[in-house]
Amino acid sequence: MTEAEVLNNTETGDSKTPVNFIQTIISEDLRTGKNGGRVHTRFPPEPNGYLHIGHAKSICLNFGLAAANNGITNLRFDDTNPSKEEVEYVESIKTDVRWLGFDWEDRLFYASDYFELLYSFAVQLIKAGKAFVCDLSAQEIKDYRGTLTEPGKESPYRNRSVEENLDLFERMRAGEFEDGSRVLRAKINMASPNLNMRDPVIYRILRATHHRTVDKWCIYPMYDYAHPLSDALEAITHSVCTLEFADHRPLYEWFIDNVDYDSAKYGRPQQIEFARLNLTHTVMSKRKLRQLVEEGYVSGWDDPRMPTISGLRRRGYTPASIRDFCERIGVAKRDSMVDIALLEHCIREELNFKAPRVMAVLQPLKVIIDNYPEGQVEWLEAENNPEDPEAGSRKIPFSREIYIEQEDFMENPPKKFFRLVPGGEIRLKSAYIIKCEEVVKDEQGNIIELHCTYDPDSKSGGPTAGRKVKGTSHWVSALHAIPAEVRLYDHLFLQEDPEGDETEDFTSNINPGSLESLTACMLEPSLVDAVTGNRYQFMRQGYFCVDPDSTPDKMVFNRIVSLRDTWAKMQKK
RNA sequence: UGGAAGGUGGUCUAAUGGUAGGACCAUGGACUUUGACUCCAUUAGUGCAGGUUCGAGUCCUGCCCUUCCAACCA
């Protein structure tokens, strides 16, 4: 979208998504000619974990804002802490951003690309008397920092000479000092009400192998120092981050203002904060997600119950549905908790149009149609998608013995139950109407099979198919069915806000029924060709996709999301 | 109790000082060879108290509530 279109949208109000406050800022910057009309954003993950749906919001925002304003977006890894970062994570992050549908083209960067420059900027600060080497221990620095209500005290090393600071900093780099023994600090204001301004640490000594620079460095810059300058060096115009960094903005600007990075060439980045995404019935912090993985509550980062991009992908969510979700939730500065039902709505809406319909019986009940000729098989025509005439149709086999869903039969039904009951009738989808004649039970009284008769005149699509019965069931021919495993997923946490009670361990809220594995499912034979990632609607049940665990001998499906189920709702009441 | 940012139906999000709207959820109904989809309808909101104004969600004052900040993490 061009600037004119954006503005036009604002005026006419016919934009599908209302412009958010960041777009308003950008539009104003464009109007006043700030940054020479450039819009350049960046997505700056730290490669210390897998991306989740909250990152998707940021990715869609950063790439979306740039795209909407004729701008570009960098992918930049914020890799300044080698003790926590790994290549595994950078690879997964690249995969996830690409999968979501975004392209950083040739603009893949790492904060570590700038280590040498950042070092020289630090030397610059020292020479200007704006940074000093401090010998205080971590604990002492903390003690000197003061509190929220009391100012801090200046470090006794604060007034070292430029020469001594230069010498010490050079020797820090050279590896002459132990980890943690000294740091480089910015000289700002120990009495500032903003703790971030109380002579913040900008370099620490840390002997850890970096995933890119390996053992070249034993000092590493801190986020507060590396981030604004990385933004500046990439000529970023709008540096969008989450709310918790708002207090860091004065520091961000301090480095931009006090380092000579050639602002005439690169411009001056502006930090803008927005509220991170919270979703009901899940957790979003990397620490907690890692805990779920490491303590075995889930099978891995890509467990289909996880809110990670890889989990959602394996679950069967599409990139388009996630992008749609991110559009719909909007962008603002107030803390919020989005109902996960909105995410579910987005995938249902997309799949309703795109997913082929098939029949699958999850909990089979054998039905024998006594008046259907033994050995006969009819291949019946079944519509692939009533929402899409282009989807065509397929043939499904009908025979004397079929399976229906156990819950589609009740011996003693409640009122409003319009499925199969003793002596009652039901339409088999795309086939015949059958009538229940006899219920067969085992010694424990469990229903093991049904004997029915069919109405030959009720064949679906035939000239005499017009007779109406209240209920319709899905089914599969017993002879032709493909056995499969189907995994049903529910919310990972029972409570809407599993992190709400800080006194309680969030793992105590895990939903014990979040995964239900059904291993005796029966699928219609057309599914024999299904491959990993294929998505279907199992009629009357939900949307499912083939899991990577699936093999030709043992197919495995994940339930992406159920269909809306009015009957289940009625029963709950 | 220092500083910063916020408070619009259950949830998310709109509204040059001028009819508080949309989406999700919920509820009721129509339709249905998916109790799906679709369609229709309904409930329900500007944190509180003042002030300015012909008129305040919007401006002013005071109060209340929420979130964030005291890593050599990001």
Side-chain angles (χ1 to χ4, degrees), chain A residues 11 13 16-20 44-46 48 78-81 83-85 134 136-138 141-142 145-152 179-185 192-198 200-206 219-220 222-224 226-227 241-250 273 275 280 286 328-346 348-349 352-353 357 359 383 386-387 416-419 426-431 433 458 460-461 465 468-474 496 537-542 562-570:
Chain A
E11 284 162 11
K16 196 178 176 190
T17 49
V19 308
N20 59 58
E46 181 188 16
N48 70 342
D78 229 321
D79 56 350
T80 56
N81 185 0
S83 64
K84 291 185 176 176
E85 298 151 5
C134 182
L136 255 23
S137 69
I141 288 180
K142 187 176 178 180
R145 184 153 34 225
T147 68
L148 293 177
T149 52
E150 305 157 28
D179 284 15
S181 61
R182 278 178 237 260
V183 292
L184 183 71
R185 292 226 250 168
S192 171
N194 182 339
L195 294 275
N196 297 116
M197 302 300 273
R198 321 243 263 227
V201 171
I202 59 184
Y203 267 92
R204 76 284 213 184
I205 304 172
L206 177 63
I219 59 171
Y220 291 93
M222 301 289 290
Y223 165 87
D224 281 322
H227 202 87
C241 65
T242 45
L243 250 29
E244 67 270 26
F245 293 104
D247 284 341
H248 297 240
R249 196 188 330 130
E273 310 88 16
T280 57
K286 275 188 196 172
R328 291 183 187 232
I329 57 177
V331 181
K333 295 193 78 144
R334 78 180 80 141
D335 296 303
S336 62
M337 171 81 74
V338 175
D339 194 334
I340 198 166
L342 181 59
L343 216 210
E344 295 171 347
H345 167 81
C346 292
R348 281 195 189 105
E349 188 173 69
N352 180 43
F353 286 98
R357 272 59 170 171
M359 290 199 281
E383 214 177 3
E387 303 290 335
K416 293 281 192 85
F417 182 85
F418 40 86
R419 302 179 187 180
I426 196 167
R427 158 74 64 181
L428 294 176
K429 177 73 186 171
S430 302
I433 292 171
S458 65
S460 198
K468 303 283 183 195
V469 289
K470 190 66 179 165
T472 302
S473 276
H474 57 279
E496 278 204 351
Q537 183 194 99
F538 287 2
M539 295 201 90
R540 304 208 305 135
Q541 306 199 92
S562 68
L563 251 30
R564 286 181 60 206
D565 190 348
T566 308
W567 170 241
K569 262 182 220 165
M570 286 167 67

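The structure displayed is predicted, hence computed values, not measured ones. Residue numbers start from 1 in every chain, and the chains themselves are labelled A, B, ... in the order their sequence lines are given, proteins ahead of strands.
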Novice: Can you name the nearest heavy-atom pair linking Lys286(A) to Glu46(A), along with the distance?
Specialist: NZ-O, 3.3 Å
Novice: One pair to check against side-chain contact (heavy atoms from CB on, under 4.5 Å): Arg348(A) and Ser562(A). What are the steps and the verdict?
Specialist: CA-CA 8 Å; Arg348(A) 281 195 189 105; Ser562(A) 68; 3.7 Å; yes
Novice: In sequence, state the C-alpha distance, the side-chain angles, and the governing distance for Asp247(A) and Leu195(A), and then conclude on side-chain contact (heavy atoms from CB on, under 4.5 Å).
Specialist: CA-CA 9 Å; Asp247(A) 284 341; Leu195(A) 294 275; over 6 Å; no
Novice: With a non-hydrogen cut-off below 4.0 angstrom, is Phe418(A) in contact with a base, only sugar-phosphate, or nothing?
Specialist: base
Novice: What's the closest nucleotide to the side chain of Arg328(A) if the choices are A74(B), A23(B), U33(B)?
Specialist: A23(B)
Novice: Using the side chain to side chain contact (heavy atoms under 4.5 Å, CB included) definition, which of the options Lys429(A), Met359(A), Arg540(A) pairs with Ser473(A)?
Specialist: Arg540(A)
Novice: Of the options U33(B), C73(B), C69(B), whose atoms approach the side-chain atoms of Asn196(A) most closely?
Specialist: C69(B)
Novice: Any base atoms under 4.0 Å from Leu136(A), or only sugar-phosphate, or nothing? Heavy atoms, all strands.
Specialist: base
Novice: From the set C37(B), U33(B), G6(B), return the single nucleotide nearest to any side-chain atom of Glu387(A).
Specialist: C37(B)
Novice: Touch check for Ile329(A), heavy atoms < 4.0 angstrom, all strands: base, sugar-phosphate only, or nothing?
Specialist: sugar-phosphate
Novice: Looking at G17(B), which nucleotide sits across from it as a Watson-Crick or G-U wobble partner, both distances under 3.5 angstrom, or is there none?
Specialist: none
Novice: Under the 3.5 angstrom rule, does the side chain of Glu150(A) hit a backbone N or O of Gly146(A) as a donor-acceptor pair?
Specialist: no
Novice: For Asn194(A) and for Arg348(A), locate the closest nucleotide of RNA chain B by heavy-atom distance; then report the residue assigned to the nucleotide nearer the 5' terminus.
Specialist: Asn194(A)
Novice: Report yes or no: is there a donor-acceptor pair, N or O only, under 3.5 Å between the side chain of Arg540(A) and the base of U34(B)?
Specialist: no
Novice: If you check every side-chain atom of Ala138(A), which of U11(B), U27(B), C72(B) has the closest atom?
Specialist: C72(B)
Novice: Return yes if the base of G7(B) and the side-chain atoms of Asp335(A) contain a donor-acceptor N/O pair under 3.5 Å, otherwise no.
Specialist: no
Novice: Is Ser460(A) side chain donor-acceptor paired with the U33(B) base, going by distance under 3.5 Å alone?
Specialist: yes
Novice: Does a distance-only test, which skips hydrogens and angles, find a donor-acceptor pair under 3.5 Å between the side chain of Gln537(A) and the base of U34(B)?
Specialist: yes
Novice: What is the distance, rounded to the nearest whole Å, between atom NE2 of His248(A) and atom P of G3(B)?
Specialist: 18 Å
Novice: If you look at every strand shown and take non-hydrogen atoms under 4.0 Å, does Lys569(A) touch a base, only sugar-phosphate, or nothing?
Specialist: sugar-phosphate
Novice: Classify the nucleic acid contact of Thr566(A) as base, sugar-phosphate or nothing, counting any heavy atom under 4.0 Å across all strands shown.
Specialist: sugar-phosphate
Novice: Taking only side-chain nitrogens and oxygens of Arg145(A), does any of them come within less than 4.0 Å of OP1 or OP2 of A70(B)?
Specialist: no
Novice: Could you identify the nucleotide paired to U38(B), looking across every strand shown and requiring Watson-Crick or G-U wobble geometry with both distances under 3.5 Å?
Specialist: A30(B)
Novice: Glu344(A) has an atom CD; how far is it from atom P of C24(B), in whole Å?
Specialist: 14 Å
Novice: Does C48(B) have a Watson-Crick or wobble mate here (both distances under 3.5 Å), and if so which one?
Specialist: G62(B)
Novice: Within the structure, does a side-chain N or O atom of Arg334(A) lie under 4.0 Å from either OP1 or OP2 of U8(B)?
Specialist: yes
Novice: Any idea if A71(B) is syn or anti, going by the 90°-from-0 cut?
Specialist: syn
Novice: Starting at the 5' end of RNA chain B, which residue's closest nucleotide do you reach first, Ser336(A) or Thr149(A)?
Specialist: Thr149(A)
Novice: Taking CD1 from Ile426(A) and P from U32(B), how many angstroms apart are they, rounded to a whole number?
Specialist: 17 Å
Novice: Look at the side-chain N and O atoms of His345(A) and state whether any lies under 4.0 Å from the OP1 or OP2 oxygen of C24(B).
Specialist: yes
Novice: Flag the pair Pro200(A) / Met222(A) as yes when at least one side-chain heavy-atom distance between them is below 4.5 Å, and no otherwise.
Specialist: no
Novice: Choose from A14(B), A4(B), G35(B) the nucleotide whose nearest atom is closest to any side-chain atom of Ala246(A).
Specialist: A4(B)
Novice: Touch check for Tyr203(A), heavy atoms < 4.0 angstrom, all strands: base, sugar-phosphate only, or nothing?
Specialist: nothing
Novice: Among the nucleotides G35(B), U33(B), C24(B), which one has an atom lying closest to any side-chain atom of Ala341(A)?
Specialist: C24(B)
Novice: Which label fits His248(A) and Tyr223(A): parallel for a plane angle under 30°, tilted from 30 to 60°, or perpendicular past 60°?
Specialist: perpendicular
Novice: Looking across every strand, which nucleic acid part, if any, lies under 4.0 Å from Val469(A) by heavy atom: base, sugar-phosphate, or nothing?
Specialist: nothing
Novice: Just to be sure I understand the rule, does Glu46(A) reach a base, reach only the sugar-phosphate, or reach nothing, if contact means heavy atoms closer than 4.0 Å?
Specialist: sugar-phosphate
Novice: Look at all strands and tell whether Lys429(A) reaches a base, only sugar-phosphate, or nothing, counting heavy atoms closer than 4.0 Å.
Specialist: base
Novice: Consider the side chain of Asp247(A), meaning its heavy atoms from C-beta on, and name the nucleotide among C68(B), C72(B), C12(B) that approaches it most closely.
Specialist: C68(B)
Novice: Describe the nucleic acid contact of Gly152(A) in one word from base, sugar-phosphate, nothing, applying a heavy-atom distance below 4.0 Å.
Specialist: nothing
Novice: Does the structure show a Watson-Crick or G-U wobble partner for A56(B), both distances under 3.5 Å? Name it, or say none.
Specialist: none
Novice: I want to verify a distance call: between U33(B), A5(B), A71(B), whose nearest atom is closest to the Lys142(A) side chain?
Specialist: A71(B)
Novice: For C68(B), give the paired nucleotide (Watson-Crick: N1-N3 plus N6-O4 or O6-N4; G-U: N1-O2 and O6-N3; both under 3.5 Å), or none.
Specialist: G3(B)
Novice: A71(B) C1' sits how many Å from Tyr223(A) OH, rounded?
Specialist: 15 Å
Novice: What do the steps show when you test Ile141(A) against Arg185(A) for side-chain contact (heavy atoms from CB on, under 4.5 Å), and what is the final call?
Specialist: CA-CA 10 Å; Ile141(A) 288 180; Arg185(A) 292 226 250 168; 4.0 Å; yes
Novice: Using the six-membered base ring of G35(B), report whether Trp567(A) stacks on it, requiring centroids under 5.5 Å and planes under 30° apart.
Specialist: yes
Novice: Rounded to whole angstrom units, what separation is found between the NZ atom of Lys470(A) and the C1' atom of A36(B)?
Specialist: 14 Å
Novice: Kindly point out which of U34(B), A4(B), C12(B) is positioned nearest to the side chain of Met337(A)?
Specialist: C12(B)
Novice: Which whole-number value in Å describes the distance from Met197(A) CE to A70(B) P?
Specialist: 16 Å
Novice: Please answer whether the main-chain N or O of Glu244(A) pairs with a side-chain N or O of Thr242(A) as donor and acceptor at a distance below 3.5 Å.
Specialist: no
Novice: Would you mind reading off the distance between Arg204(A) atom CZ and A74(B) atom C1', rounded to a whole angstrom?
Specialist: 9 Å
Novice: Look at the side-chain N and O atoms of Thr80(A) and state whether any lies under 4.0 Å from the OP1 or OP2 oxygen of A74(B).
Specialist: yes
Novice: Just checking Arg357(A): base, sugar-phosphate only, or nothing, at a heavy-atom cut-off of under 4.0 Å?
Specialist: base
Novice: Please give the nucleotide sitting opposite G10(B) as a Watson-Crick or G-U wobble pair, both distances under 3.5 Å, or none.
Specialist: C24(B)
Novice: Where the side chain of Phe417(A) is concerned, which of U33(B), G3(B), G35(B) is the nearest nucleotide?
Specialist: G35(B)
Novice: With side-chain contact (heavy atoms from CB on, under 4.5 Å) as the test, would you mind laying out the steps for Thr472(A) and Met539(A) before giving the verdict?
Specialist: CA-CA 11 Å; Thr472(A) 302; Met539(A) 295 201 90; over 6 Å; no
Novice: Whole angstroms only, please: what is the CD-C1' distance between Glu150(A) and C69(B)?
Specialist: 16 Å
